[in-house]
Structure formats: C-alpha cells, structure tokens
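Note that this is a predicted model, so its numbers are computed, not measured. Computed from heavy atoms alone, side chains included, the values below leave out hydrogens, waters and symmetry copies.
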Amino acid sequence: MTRYNPRESEPKWRARWAEADIDRAGDPDTPGQDNYYVLEMFPYPSGRIHVGHSRNYAMGDVVARYKRAKGYNVLHPMGWDAFGLPAENAARERGIHPRNWTLDNIKVMRAQLKRLGLALDWSREIATCEPDYYKHQQAIFLKFFEKGLVYRHKANVNWDPVDQTVLANEQVVDGRGWRSGAIVVKRDLDQWFFKITDYADSLLDGLDTLERWPEKVRVMQRNWIGRSRGARIIFPFVEPEDVQRFGTEGIEVFTTRPDTLFGASFLALAPDHDIVRTLGDEDPSIDAFADYCRRTGKTQEEIEKAPKRGVDLGVKVRHPFDKEWEIPVWAANFVLSTYGTGAIFGSPAGDQRDLDFARKYDLPVTPVVLPDGESPDNYQIDDTAYTGDGTIYNSRFLDGLNTHDAIEAATEKLESLKLGEGATTYRLRDWLVSRQRYWGCPIPIIHCPDCGAVPVRETELPVALPEDVSFDEPGNPLDRHDSWKSVDCPKCGTAAKRETDTLDTFVCSSWYFLRFTAPWREDIPFEADTAAQWLPVDQYVGGVEHAILHLLYARFFTRALHDCGLINLPDGEPFAGLFTQGMVTHETYKSTDGRWLLPTDVENRAGQKVEIATGNPVETGPIEKMSKSRKNVVDLDDFIEDFGADAVRWFVLSDSPPERDVEYTDGGVDGVWRFIQRVWALIENHPGHAPRPDLPVGDVGGEALDLRRAAHRALNDVSSGIEGFRFNTAVAHIHDFVNALRKLALDTNKPENLAARSEALGLLAQMLAPFMPHLAEEAWEQIGGEGMLAKRAWPEANKALLVENSVTIAVQVNGKRRDEINLAVGADKDVAETAALATEGAVRALEGLTVRKVIVVPGRIVNIVAT
RNA sequence: GCGGGUGUGGCGGAACUGGUAGACGCGCCAGACUCAAAAUCUGGUGUCCCUAGGACGUGUCGGUUCGAGUCCGACCACCCGCACCA
C-alpha cells in the first residue's frame, strides 16, 4: 500500500487542467447554456497568502466547480486591487518603487493561488494599477463629470494625519482612519466628490430586492443611508435686525415629529452653525462654547458621557403656528451640523435629549402626546421622555389626532403657511474620492487659471503616473513633480496644472467585476452587452468588513454607469447573491519579553509551549483571526508543502458553517490528512473496474444494495449542501459515506459487488471534486474513470435508491421513547400501531395504564397516549 | 440606547416543513499490532443511578401540543454593527 502524495499528484493535475484550458469561460452567448458568474472579492497584493485568506477562495471554487459540473458556463476570474498606501509605505521604508513592490507581490500571490488549484480563468486577470485598467477608470470619471455626478467642492472633510490624506465618511471608524487608526481631524479643503446621494432612494429601495444577501449587510446599509421622513420648518426671527444680520428670514430645522410642534420650548443649533459662527465673532462666550465643543472627544464613550451643554444665543424666533409665541434660540453640543439643517426645535416631552437639555437649563416641558390609557389630568413627564405613539393634546388644532394623522395635519398647515414642507433627510453623504497620494489612479482634470477645472481630452488618456518620483519627503510626490504637473489647458492653451490628487482605491474596486467580462477590450472598459449578459454576479463571496464600503460604492457605480448609458442594468444591482464568510482563527503566542511569535516559532515540549529559539515558555493568547500583525498565521506554501492544497481547502470548509469562524488546529489538520489517506486506501485497494453510475437499480441486492443506497444518499446530501452553502455538512456527509465504504467490505469477486463498489468509488471521486479536485482526479484515474473528472457532468442521484424499503421508527409512550420498530415503507397505520403496542418497551411502560389514543405518523413515529 | 445574530457533550458543530437530540470531525478512554513509541486499525465516549433498565438533558422561566432544540410569551448571557441622526 502506498500513501497518497499530493506533492506529486497536485502539480500533475494542475498542468493537465491548464493544458486542457478547462477554466476558461465560454462565450456568454453560447446557445443552450446558462451563464454563472462567481466571484471572490479580489485581493490587495500585500505580500503573501496565508491559510486564513484561502477560505474565501476555497468557497468560491467549490461553487465554481460545482456549477460547471452542473452544465453552466461559469465565469470565475481573479485580479488584483493593486493601488493603495502600503505600497507607498514600503517605498518610503525600503526604497522600493511602489510599482515594483506591488508587481512582486502579485507574482508571489498569483503563484500561491495557482497552487491552491482554483478553477480560475487566468486569461482575464487584471491589476488595477496598470494603465490599461485605470485609463478606463479615468474615462468613466469623465463620463460621470459630464453627467454631473462628479463635483469639486470646498468642504469640512476628514483628514488622516498619519496617511496624510483625506478620507470618505465610510472610511472613518470611531473617529479614526480605517487603515492607519489615527484620529481623524477636520479640515476645510477643496475636494472631489461623487454624487452618491443622488441614488440614496434607489440604493435603499434596492436592498429589499437583494434576497440572497445576508440580512445583516442589508440592515447595515439601510442604517448607513439613514432615510428619515419628516418636515423642514422655518422659525421666523422675532427681531427684524436678525433677518438683516443673518441674511435669512428665520432658522430652518428638520424634524421627524412635526406633530409635537406645540411642545416646542427652544431651538438648538449646532456649534458650527453659520448663525453661531456669526454670533461667536461678536460674543466671546459663544465663541468659547463653540471652541469647547470642537475640542470634545469623538469616541463613543466620550460622546456618551458628554453632558448636554448649551448657551443661550439671545436670539428669539416665532412659533410657526403662533406669531405671538416667542422661542429662545440656543447653541447646543448635541446638535450635529452634518445632519439635517444643523438645527432642531426642542420638544422635551417627546425626546430624551431635548428633555435632558430642558431640565438642565430650566426650559419649559409641555407634554403633547398622551400615551394610550393615560388621563390628560394627571399624566406627567419626569426624567423620561415619551417617544411613542398616542393622542395629541395641549396642541390646539391638532388635539385628538393620533401621532400619524397629526404629522400630516401639521405638515399641511406648514405648507399652507409657507413656513415648511414635508422633507426627507439622509445620513448618507456624497463620496469624497480624492486622495493626496501617489499610488492611485490620477484624476484626469487640468486646472486652468482661466477655465477652471477642465477634463483631460479622452484621446489623451491615460493620464499615466510618472515613474520618476521620490518618497524621501512627506506628502504627495505628484505635487512636487513639476514636469508632470505642468500642462497646457486643453480648452484655451494657457499654462495650467494637472490635478495631483488620485482617486480613492475603492473607485477601482467599484467596477472591476465589469472589467472581468471583457478585459481584452483595450478601447472600452467593458462591452455593454457582454457585461449585461454576465451580470449580476450570481455569487459574490467576501468579508463582512466591506458591508458598507465596497458593497455600497459598487451598487452606486452600476447605477451611475447605467445612467451614463455604459451598461444596460435597469435595477442597478451588481451582486445578486452575496455570501460573507467567517474567518480562520488561530491561537496567538507571545514570548516572555512580549514579542508576537509565529506558530512555527513555537513547539510543544512535555505539554508546555516553548519558544524554539530560546526554550523559554510561551504565553498563549486568545484565539483571533489570522493576521500578520499578531503573527498567528500559517503560510500557505508551508502548508501545501506539508499536506497539499486539497488539505487546506478541505480543512477550511470542514467543521464550521461557512459564515462562522473556523479555528485552525494541528489536530484538525491531522484529521484531514488521515481522511485523505483513508480515501486513497479505498481507491488503491479497488481491484479496478470502470465506474458505472448508470447501474440499474435491480441489479444488486444485499450489502451491495446498501452501498449503492449510501452512495446515492451521500450524493444527494452533498449536492444540496453545496447549493445551500452548507459546506461543513457536505463534508460531513462525504465522511459518512467514506465510513460506510470502509465498513461494507464487499466480496468483489462477485460481479454485482464489484459493480456496486465501482459505482460508489466513482461517485465518491465526483463528490470530492469541488472540494479536493486533485485527489479526486487522481482517484478517478486510478479506478479507471473515463476522461478528466473536471470535465464531467455532476451525477444525478438515483431517486429509487434514496427511498429505503424499511424504516426504523421510535415508539413513544406519553411522549417518551420506549422502544423502536422496523417497518416496511408505506406500511399501514394499523400495522404500525399493532407492532408498537407489542414492543417490549411499550408493554413495560404501559403496565398499569390504559391506552387512550395512539398517534401514528407514518415513517416517523408512534406515540401511545395512556393514563 | 437602537438594530442584527448566537446560546446544544470536554471542543467545533449536526438535526428537512414540530416526530428516535448529539450526525460528522477533534479530543479522551480501552484494546490490537509493536521490545517500546509513533503511525495505523478495532471498540467506547451527554450526565447521573448503574442491573435488565431507569431518571435527567439543547441559556432561564412559563405556555401551546399526543410530542418542542425547533412554535409562542417573558427574561438572561455573549458576539457583531450603528450610535446625541432630531
């Protein structure tokens, strides 16, 4: 008996697949063949791939191989999200050009991915840092520009002081830059924006159609877009001089609760509201307050703990429904300038923040919503606001209405008074896309002193990144590159300057799945018709960390591209099915002096983990997601060298459900290795007889029939496991089947036994193929299978073999299991009842009781009810 | 605070529309082979009383049902996301 040797088999089969060119996607026009687009989020070429990364690709590959076997024309491409800051950091730290660093990494990682045996169409490989990719992106940018979807605007934006660039709102987490972790500061800068807010409604409503997306991701996007319906209301100034001073008739607020207008006791403005700024110039105490608010921390706890604070601005406004009713205007630290109009009216009885504020500064609290079951005479608000529905009172013409009707009535009244209107506000802001970095896609704009921002002529594209740049001083090298920067204005010919900002790398990833549909087209980014045939991506697989970022931007892009006439995708959804996979975790290790240690630096000596180099004991830390920074990674090449690519693939798909994390353990890996060798032992010991999956049912009986049943049941379970993205249970069913094969050692001298066993082993190879393609091919060849397994159609389970002819069912007495009976399938209820009552267990349990009723569920259970 | 999710053996996890809880894997125990160990193979492995057998058992409490891990109500714990969003 020999051992299966992946080091020999795996390269052999990869060479044969490549030779046969089996992974190339067919023409999407192919008659009689449905298209299927499966895609894993493409990687950033950061260095090397570890076992943690491989899970994502393994899942996509199971789907790709399975769908191919099911007869689909599968598109399964791979590329590189190749622009980004780490390349510039490497340049700065090690003096390597970002381009070389990136291309070297791609080379290494491509070889690693190939070693995994993924059924990828490498003929479509793209890298976003190549001019033949980003020139199309520049053309798209100009289309958006033409269409009014791009604009330049001076705004108070997020500045990451470590990465030395601005960031989009989506890229600021807890007040820190998503990549650097530095605390973000606000700066007023002229920046480029994409008008994603134009699509707020479409992006929100579209979420309801994405049935094959995780609910969690949809909810996150819904919250991020944050649509609120309500009203904008103008509170006119009391003093005519205020109208002069502030240049408006009054103060505009946004509210979702115009029904509580009669509970208004103050207006509150954001500390950086224009009116507050104007007043701050005159009044030092107001300026001091605004300054205090700016300095307050931005982290969760700080915001939560920060008490409500405000300052009376000394300005008064009139109530929109009562000219005589004057309301004081305050500045308050809890009002956000970035939401709504940066101003609110405080209705303390119905809003906790307003109530806290009113109590602190002794402002009136008038309840206007009466909860059901409360009496208006003794209902009071203490320290808890009532935010629910109820009946409006203390509110003149709104009295007696329910919350919903009162909102409508109040809004109508505001509209008739021309002091307000129904309005919708979003939390979503336009996407800030300019970055003050070198290693990104140049923005194809020229700034002319006379003509302003002028698009680069399309024939001049790409605006290529200059290669001769230096990173020895901070800032953007493009900014210092005079010969690159200096150009003539395309419109008037006067001396002008190129835009030196580059595009956010999330722009690159917003359309790469379209480029994959026709990467050979140099003249256009993609063919509208071909792209529409492949899109939407049928199955997208990636990490949940992109729930808002990439997945929202891409949904915007497909909509914008449709509106620009570049693609025909009416509903605008790029990804029909989304799966967010769990991570691979691993224990962490720290040396006595606090250094993180690689698993390969650690070994077990007498039950204790020690650092190999020093022999010192190792502190075992928590189990965390594999990451370079914690060093709890297992390098893919090391693993493949030891156990083979099939073993990694099998391991990361076993045990845990795909959406949950899976822990890497040496024990688990040993189990995989054992399993592979057991499979191989079965294959090797087979006397050799070509598989015949078309064996008629009636040909065999006895144990051979049992084996056939096990095989077809496994096939059925594995198929439905793959279809339902339950790879762990599919793996378990294969295990089960292998156990059955090992147990049912049929005498293969009998032809019917040999036939049944050949069939079973053939089916085993086919079932294994999506998971462990190399081993499966080797097995298929060994047992004399015809052709290459990768080209074979997925077998259909024989329905007749899925039904048992007898079934064991439980016998319960009063709901407790007492015995079991074996019955023919389809046996009569009376037969079941009689048999159940006669069982030893039932008789014992029924002693001294009278049978009242017998419930028979055919094929499932018999329950005897007795007292 | 709001939203989403998860609670099942020593561990990861199975269980289709309510019908034999614990599939499969890891670990552990025993045995075989071996001078021995590793590897491999065989058997066992929810807890308790341990005798055929029985009692208990899916986060807690209650309900519906002949029957509940699954359905309903109330809670508890943990994880993730958002967060002064008017």
Using a heavy-atom cut-off of under 4.0 Å over every strand shown, decide if [X] touches base, sugar-phosphate, or nothing.
{"X": "V731(A)", "answer": "nothing"}
{"X": "E820(A)", "answer": "base"}
{"X": "G667(A)", "answer": "sugar-phosphate"}
{"X": "S228(A)", "answer": "sugar-phosphate"}
{"X": "N728(A)", "answer": "sugar-phosphate"}
{"X": "R852(A)", "answer": "nothing"}
{"X": "N739(A)", "answer": "sugar-phosphate"}
{"X": "V219(A)", "answer": "sugar-phosphate"}
{"X": "P214(A)", "answer": "nothing"}

Would you mind checking if R227(A) and D201(A) are paired as a salt bridge, meaning a charged N to carboxylate O distance below 4.0 Å?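 Looking at R227(A) together with D201(A), the answer is yes, because their closest N to O distance falls below 4.0 Å.
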Check the phosphate of [N] against [X], side-chain N and O only, distance under 4.0 Å to OP1 or OP2. Yes or no?
{"X": "R674(A)", "N": "rC26(B)", "answer": "yes"}
{"X": "K816(A)", "N": "rC56(B)", "answer": "yes"}
{"X": "R678(A)", "N": "rC41(B)", "answer": "yes"}
{"X": "T256(A)", "N": "rC85(B)", "answer": "no"}
{"X": "N223(A)", "N": "rG4(B)", "answer": "no"}
{"X": "R353(A)", "N": "rG1(B)", "answer": "no"}
{"X": "R427(A)", "N": "rA83(B)", "answer": "yes"}
{"X": "R660(A)", "N": "rG13(B)", "answer": "yes"}
{"X": "R232(A)", "N": "rA86(B)", "answer": "no"}
{"X": "R742(A)", "N": "rU42(B)", "answer": "yes"}
{"X": "R309(A)", "N": "rC84(B)", "answer": "no"}

For the base of [N], is there a side-chain donor-acceptor partner from [X] under 3.5 Å away?
{"X": "K308(A)", "N": "rC84(B)", "answer": "yes"}
{"X": "R860(A)", "N": "rU17(B)", "answer": "yes"}
{"X": "N863(A)", "N": "rC66(B)", "answer": "yes"}

If you check the [X] side chain, which of [options] turns out closest?
{"X": "Q812(A)", "options": "rC24(B), rG81(B), rG19(B)", "result": "rG19(B)"}
{"X": "R3(A)", "options": "rG25(B), rA39(B), rC80(B)", "result": "rA39(B)"}
{"X": "R818(A)", "options": "rG19(B), rG25(B), rA55(B)", "result": "rA55(B)"}
{"X": "R844(A)", "options": "rG54(B), rA86(B), rA14(B)", "result": "rG54(B)"}
{"X": "A810(A)", "options": "rA15(B), rU20(B), rA86(B)", "result": "rU20(B)"}
{"X": "H735(A)", "options": "rC66(B), rC24(B), rG4(B)", "result": "rC24(B)"}

Solution key, residues 830-851 of chain A side-chain donor-acceptor pairs under 3.5 Å, sequence neighbours excluded:
residue, atom, partner, partner atom, Å
T834(A), OG1, D830(A), O, 2.6
T839(A), OG1, A836(A), O, 2.8
T839(A), OG1, A842(A), N, 3.3

Sticking with atom [atom1], work out how far [N] lies from [M], rounded to a whole angstrom.
{"N": "rC56(B)", "M": "rG9(B)", "atom1": "C1'", "value": "14 Å"}
{"N": "rC41(B)", "M": "rC48(B)", "atom1": "C1'", "value": "33 Å"}
{"N": "rC2(B)", "M": "rG13(B)", "atom1": "P", "value": "29 Å"}
{"N": "rA68(B)", "M": "rA15(B)", "atom1": "C1'", "value": "13 Å"}
{"N": "rC78(B)", "M": "rA30(B)", "atom1": "P", "value": "39 Å"}
{"N": "rA23(B)", "M": "rA39(B)", "atom1": "P", "value": "24 Å"}
{"N": "rC71(B)", "M": "rU17(B)", "atom1": "P", "value": "10 Å"}
{"N": "rC72(B)", "M": "rU64(B)", "atom1": "P", "value": "16 Å"}

Main chain of T808(A), side chain of N822(A): is a donor-acceptor contact present, judged purely on distance under 3.5 Å?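 It does not hold such a pair.
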Nearest-nucleotide 5' precedence on RNA chain B, T808(A) against I855(A):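 Result of the comparison: T808(A).
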Given RNA chain B, 5'-ward residue of the pair D655(A) and G671(A), judged by closest heavy atom: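 The residue closer to the strand's 5' end, by nearest nucleotide, is D655(A).
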Please tell me whether F651(A) and F639(A) form a close aromatic pair, meaning their ring centres lie under 6.0 Å apart.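 Centroid separation for F651(A) and F639(A): 6.0 Å or greater.
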Quick check: F357(A) with F266(A) (ring centres under 6.0 Å apart)?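 Here the rings of F357(A) and F266(A) have centres that are less than 6.0 Å from each other.
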Looking only at side chains, do [X] and [Y] share a donor and an acceptor under 3.5 Å apart?
{"X": "E170(A)", "Y": "W224(A)", "answer": "yes"}
{"X": "D259(A)", "Y": "T403(A)", "answer": "no"}
{"X": "E684(A)", "Y": "Y4(A)", "answer": "no"}

Could you check whether the rings of H319(A) and F235(A) sit parallel, tilted or perpendicular, using 30° and 60° as the cut-offs?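 Aromatic pair H319(A)/F235(A) classed perpendicular.
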Given pairs defined as Watson-Crick or G-U wobble with both distances under 3.5 Å, what dot-bracket annotation applies to RNA chain B, with ( ) intrastrand, [ ] crossing, | other strand and . unpaired? (((((((..(((......[....)))((((((.......))))))((((...))))..(((((..]....))))))))))))....
How long is the line joining [atom1] of [X] and [atom2] of [N], in whole Å?
{"X": "N814(A)", "N": "rG19(B)", "atom1": "CG", "atom2": "P", "value": "19 Å"}
{"X": "E215(A)", "N": "rG5(B)", "atom1": "CD", "atom2": "P", "value": "6 Å"}
{"X": "D736(A)", "N": "rA15(B)", "atom1": "CG", "atom2": "P", "value": "13 Å"}
{"X": "M220(A)", "N": "rA83(B)", "atom1": "CE", "atom2": "P", "value": "10 Å"}

Against I251(A), only a single residue in V329(A), I233(A), I234(A), T341(A) fulfils side chain to side chain contact (heavy atoms under 4.5 Å, CB included); can you say which?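 Passing option: V329(A).
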For rG63(B), does the O4'-C1'-N9-C4 or O4'-C1'-N1-C2 angle fall within 90° of 0, making it syn, or is it anti?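 What rG63(B) shows is an anti base, its glycosidic angle lying more than 90° from 0.
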Using side-chain contact (heavy atoms from CB on, under 4.5 Å), reason through Q221(A) and R555(A) one step at a time and then give a plain yes or no. CA-CA 11 Å; Q221(A) 291 210 2; R555(A) 295 180 63 228; 2.7 Å; yes
Would you be so kind as to tabulate the donor-acceptor pairs closer than 3.5 Å made by side chains of residues 725-744 of chain A, with sequence neighbours excluded?
residue, atom, partner, partner atom, Å
R726(A), NH2, S720(A), O, 3.3
T729(A), OG1, R726(A), O, 2.9
H733(A), ND1, T729(A), O, 3.0

